[in-house]
Colleague: 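Here it is, the structure in full.
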Amino acid sequence: MSNAASPETTRKKSIQKISPIDVYKLLPKTNCGECGEANCMAFATRLVNGELVMRDCPPLHTPEYKKAHEALSLLMAPPVRAVVIGTGDTAITAGGKYVLWRHEFTYHNPTPIAIDVHDMMSKNELRERVAAIGAFSYNYIGRKLELNAVAIRSVSKDPSTFADTVKTVAGATPLPLILCALDPAVMEAGLLAAPDRRPLIYAAMEESWKAMADLALAHNAPLAVFAPGDLALLRSLVRTLLEYGVSDLVLDPGTCADDGLAETLSNFTKIRSLACRQFDELFAFPLLGVPMTAWTGGEISEDVLKWKEATVASMLMSRYADLLIMHSMDGWVLLPQLIWRFNLYTDPRKPVSVEAGVKSFGRPDKKSPVLITTNYALTYFTVESDIKAANLDCYLIVVDTGGLSVESAVAGRYFTAESIAGALKEYAVENLVDHTTLIIPGLSARLSGETEEASGWKILVGPKDSSGIPQFLRERWHMA
Amino acid sequence: MTQKDKQNGPGNEGILNLAPQILELLKGVNQLELENFSMEIGDLDLFIPSGGFSSPAPAPAPARPRPTTLIREPYTPVMTEYPGKIREVTLGATKSGGGSRGSTVTIGGAATPAYADRVRLPPHRPVISLDVFDMPVSLPKVLKENVAEVMGQPAEWAKMNVEKFGADVITIHLMSTDPLLKDATPADAVRTVEEILQAVDVPIIVGGCGDPKKDAAVFTAISEMAAGERLLLNSVTLDMAEQKTLESVAMSAKKNGHVVLAFTGLELNNAKELNRRLYEYLPPDQIVMDLTTVALGYGLEYSFTIHERARYAALMGDTELAHPVISAATNAWAAREAWMKMPPVYGSRELRGPIWETINAITLLLAGIDLFLMMHPAAVLTIRDVISRLENPKAALHEPVADWVGVRL
């Protein structure tokens with residue numbers, strides 16, 4: 001038998017092909033309104049668009065609709081299963097992907113990033129590193145970006161040493177754990193040291209699958225399957241483990257940071273393509289990428305290793321990794337990963353632009369400053385986030401530039417003296433304040449002369465980056 | 001791949017040399033910069049769109065006994081064939097081709113999504129162009145350090161880019177022609193490009209100022225002067241079509257044997273519309289596309305997805321999108337995270353800046369970019385190294401996965 005889908009799975013539809021009617025047929029059709037929608041058809045439409053989830057329909061979860069619930073679960077199940085690691089508020093979900101390409105729908109469950117520790121570290125080192133993992137965060141357009149898990153490696157190969165380390169780490173952080181030990185005896189000691197934490201077990205291999213499967217079943221924990229560079233073995237292990245009764249699996253086809261990088265990317269892509277295109281049930285699991293393999297290369301400088309790890313991590317994130325294990329804790333390595341992850345997992349169906357108009361922040365009065373920017377969503381949210389963070393009282397005019405950023409809109413002549421003058425007039429800004437001074441973005445500085453002529457307003461050239469607005473207003477705004 | 005590369009063969013030298021070179025470039029940047037600056041960490045909720053559907057587990061059959069040995073399953077690689085193929089476009093012309101370049105560069109030709117299958121490599125490697133500006137410009141400190149000595153001397157700058165940083169192509173940005181800046185004349189611009197052509201013998205990209213009328217005048221004059229050189233004119237736009245200047249540039253490019261860069265802003269219908277207009281004047285193999293590159297953190301995802309969509313549509317047979325694409329990876333420096341001093345936990349900007357440009361480029365490399373416009377030498381080296389690793393057919397078939405679990409770090 002080849003890896004072609006079985007008759008059962010060929011009946012499965014991709015998310016783009018599921019129509020609201022398919023869903024409607026399985027709903028209670030009572031138009032009860034408990035979901036907040038006008039009727040069941042409206043609910044079906046929003047469910048298909050990914051705007052609502054099955055949980056939003058309470059009657060569906062009653063015994064009366066048990067059969068319909070099962071059928072709908074099957075219909076709506078993503079071709080890549082979602083696997084939960086950890087428990088409670090900090091639990092992470094890996095996988096749950098509906099599509100191969102982001103533009104086909106949207107990607108779900110942003111790739112959790114785990115940072116490693118190992119069992120030859122002292123208790124103090126462990127506590128310090130674990131605290132740093134939990135504390136690392138970045139405020140990006142009003143969102144807090146963070147790391148998500150701790151991977152504990154067995155370096156000593158000694159069960160009790162590993163158990164001690166797991167115990168220390170588990171006591172020091174609520175974050176989900178990944179236990180990395182290739183010897184089942186060591187793994188068992190680790191699992192016993194973190195009861196009820198539902199850690200990911202890393203990993204079942206050709207020689208160890210049975211012992212690891214027993215541990216996964218005994219501890220109700222998800223299991224990673226490690227078959228480096230051998231997709232047939234990976235499939236064999238998955239088939240065997242499924243038959244054995246372990247179904248929360250995570251796949252590691254191996255990450256190579258050097259000459260094997262091409263094969264790594266190729267394997268990730270093939271696995272995900274087969275899962276999403278052919279509904280291949282043996283590849284229908286989240287993928288684990290391990291950028292920290294870059295550290296085993298023995299380069300002469302740590303900065304070079306970190307550099308390599310950063311590039312491999314971002315490539316794997318773009319190429320279908322649903323979970324990453326990294327070693328570097330440097331901000332310059334992690335920041336681009338956290339931001340790229342946030343961006344990659346936004347909904348591409350959402351417009352690039354925000355509505356044009358005048359926004360007010362804080363409690364502006366007649367003497368408050370008036371700023372202007374473009375309606376590109378990320379430009380607007382960046383400016384908004386900077387204004388809010390500094391608690392400024394001001395008006396912000398948002399010009400329709402067709403969703404272009406300031407720099408592109410100036411170059412493409414969407415943000416011009418005329419469009420600025422037009423916006424001032426259209427939104428009757430002269431009625432909002434009793435001055436006629438407008439602050440334009442620093443990146444549009446060259447429009448200042450023309451704009452003064454076209455609008456009759458006095459133009460102040462603001463900072464090139466909106467992070468400079470608070471300081472700019474302190475130094476240059478003297479209306480109050 | 002450049003002609004030069006072809007002669008030398010796709011060896012591994014780049015890989016071996018990378019570490020010391022990167023090290024050199026990053027030397028002395030370990031000190032963290034502390035400044036009187038703090039970031040507000042908001043107390044806002046983390047926004048994670050969630051699938052929300054629990055996937056039912058494939059019910060394990062309880063009646064069957066548990067397996068005691070491994071059940072062998074085969075794996076048959078699926079080779080997806082695509083009906084479409086990206087056109088090949090050559091930049092630069094040697095003496096025999098009617099120009100004066102020492103080497104030419106051919107881009108495009110892809111028949112599969114980028115790096116989806118390691119055994120099916122595109123016929124040409126992506127190439128790297130380094131930027132030169134024709135007047136002093138304000139640059140982030142980390143970029144300026146490398147080019148301060150040649151700022152304002154475009155010919156010297158171009159030479160340095162080729163000799164020191166190994167540029168495959170040079171882009172000369174004629175900023176001074178901007179009517180809102182120096183308003184330099186087309187004749188001034190012609191002189192600058194002549195100097196560049198004399199200073200280096202790689203293919204040249206000529207960048208305008210973005211004003212559709214001025215650019216048309218400048219491009220037409222340069223096109224005449226450099227007849228036969230197969231320049232890439234960066235760029236032509238729908239704005240030019242509206243201002244009725246597109247025809248003059250396209251006709252001049254055809255007559256004098258140049259290539260045009262069709263620039264549109266993250267909108268595939270516009271990209272197709274502009275190409276259709278250009279087909280009226282130019283053969284399709286004289287058109288390259290710029291679909292817009294946005295900085296990481298400022299909308300890179302829009303660029304990533306538009307490139308994936310364009311490439312996939314082209315491979316599925318949309319010939320209006322089957323052109324090679326370029327990316328201005330230097331746009332990465334628009335992100336504040338690339339140039340700003342930040343608290344020590346986020347690292348020094350000497351590392352953050354170049355990694356930002358690197359990740360911007362590497363992300364779009366996976367979406368199918370054929371030519372990058374770049375600036376920071378460490379980013380250039382890394383992209384070149386990654387490309388050589390991804391496109392080296394002789395690379396170890398199965399590099400053993402290292403024992404990362406047991407390694408003591």
Side-chain angles (χ1 to χ4, degrees), chain A residues 2-3 53 73 76-77 81-82 96 101-103 108 110 139 142-144 153 155 180 228-229 231-232 235-236 239-240 243-245 247 254 256 259-263 265-266 269 292-293 295-296 299 301 303-304 310-311 314 318 330-332 335-336 339 343-344 348 378 389 411 446 465 467, chain B residues 19 22-23 26 40-42 44 46-48 51-53 55-57 60 66-67 70-76 115-118 180 210 265 296-302 305 308-309 336-337 345-347 351-352 355 359 362-363 366 389-390 395-396 398-399 401-402 404-409:
Chain A
S2 79
N3 42 293
V53 296
S73 298
M76 294 300 295
R81 302 193 43 221
W101 304 88
R102 178 174 176 262
H103 59 82
H108 292 90
N139 184 20
R143 320 286 190 199
K144 204 172 169 188
R153 300 185 291 115
V155 172
C180 311
L231 297 189
R235 296 174 61 78
S236 304
R239 164 68 73 210
T240 310
E243 295 280 333
Y244 204 81
S247 52
C256 295
D259 278 357
L261 183 63
E263 194 191 10
L265 288 181
S266 189
T269 304
M292 82 159 282
T293 52
W295 285 81
T296 57
E299 296 276 1
S301 144
D303 275 342
V304 174
T311 56
S314 71
S318 301
D330 296 65
W332 64 270
L335 207 51
I339 291 180
N343 295 156
L344 189 64
L378 280 150
R446 55 178 157 132
D465 188 277
S467 59
Chain B
I22 287 268
L23 191 60
L26 302 178
E40 306 274 337
I41 300 298
L44 288 141
L46 177 61
F47 167 72
I48 297 183
F53 299 109
S55 25
R66 284 178 171 176
L70 193 67
I71 306 167
R72 291 284 167 187
E73 284 278 344
Y75 164 68
T76 324
Y115 310 116
D117 190 340
R118 66 174 300 278
L180 297 174
L296 169 59
Y298 286 62
L300 176 60
E301 68 276 25
Y302 295 116
T305 288
E308 284 203 328
R309 280 178 58 200
R336 61 174 65 164
E337 288 85 358
V345 68
Y346 302 117
L351 289 162
R352 236 189 301 114
I355 200 73
I359 288 181
I362 226 166
T363 302
L366 296 177
R389 277 188 278 154
L390 293 181
H398 294 297
E399 179 192 338
V401 175
W404 62 272
V405 171
V407 71
R408 183 159 188 185
L409 294 172

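In the text below, chain A, chain B and the rest are named by the order of the sequence lines, each starting its count at 1. Note that the structure is predicted; figures quoted are calculated from it, not measured.
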Colleague: Looking at B:Leu180, B:Ile362, B:Leu70, B:Thr305, which has the largest count of heavy-atom pairs under 4.5 Å with chain A?
Modeller: B:Leu70
Colleague: Do you know which of A:Cys180, A:Gly254, A:Pro348 has the most heavy-atom pairs under 4.5 Å to chain B?
Modeller: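 Sorted descending by pairs with chain B, the first entry is A:Cys180.
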Colleague: Check whether B:Glu337 gets within reach of chain A through its side chain, its backbone, both or neither, counting any heavy atom under 4.5 Å.
Modeller: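 Side chain only.
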Colleague: Specify which of A:Asp465, A:Thr293, A:Thr269, A:Leu261 makes the most heavy-atom pairs with chain B at under 4.5 Å.
Modeller: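 Between A:Asp465, A:Thr293, A:Thr269, A:Leu261, the count favours A:Asp465.
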Colleague: Looking at A:Ala310, A:Pro336, A:Ser314, which one has more heavy-atom pairs under 4.5 Å with chain B than the rest?
Modeller: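 Among the listed options, the one with the most contacts to chain B is A:Pro336.
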Colleague: Which one of B:Gly299, B:Gly210, B:Gly265, B:Gly297 has the most heavy-atom pairs closer than 4.5 Å to chain A?
Modeller: B:Gly297
Colleague: Flag the one option from B:Val405, B:Leu296, B:Thr363 with the top tally of heavy-atom pairs under 4.5 Å to chain A.
Modeller: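 With the most close heavy-atom pairs to chain A, the winner is B:Val405.
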Colleague: Strictly distance-based, threshold 3.5 Å: is any side-chain N or O of A:Arg153 a donor or acceptor partner for the main-chain N or O of B:Trp404?
Modeller: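 Looks like yes, one N/O pair under 3.5 Å.
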Colleague: For A:Ser247, is there any backbone N or O sitting under 3.5 Å from a side-chain donor or acceptor partner on A:Arg81?
Modeller: yes
Colleague: Counting N and O atoms only, with roles assigned by atom type, does the side chain of B:Tyr298 sit under 3.5 Å from a partner on the main chain of B:Arg336, one being a donor and the other an acceptor?
Modeller: yes
Colleague: Determine whether a donor-acceptor pair (N or O, by modelled atom type, separation under 3.5 Å) exists between the side chain of B:Arg352 and the backbone of B:Gly347.
Modeller: yes
Colleague: Between A:Thr240 and chain B, with a heavy-atom cut-off of 4.5 Å, which part of the residue counts as in contact: side chain, backbone, both or neither?
Modeller: both
Colleague: Show your reasoning for whether side chain to side chain donor-acceptor pair (under 3.5 Å) applies to A:Asp303 and A:Ser301.
Modeller: CA-CA 5 Å; A:Asp303 275 342; A:Ser301 144; 5.1 Å; no
Colleague: Given side chain to side chain contact (heavy atoms under 4.5 Å, CB included), test A:Asn343 with A:Ile339 step by step and report yes or no.
Modeller: CA-CA 6 Å; A:Asn343 295 156; A:Ile339 291 180; 3.6 Å; yes
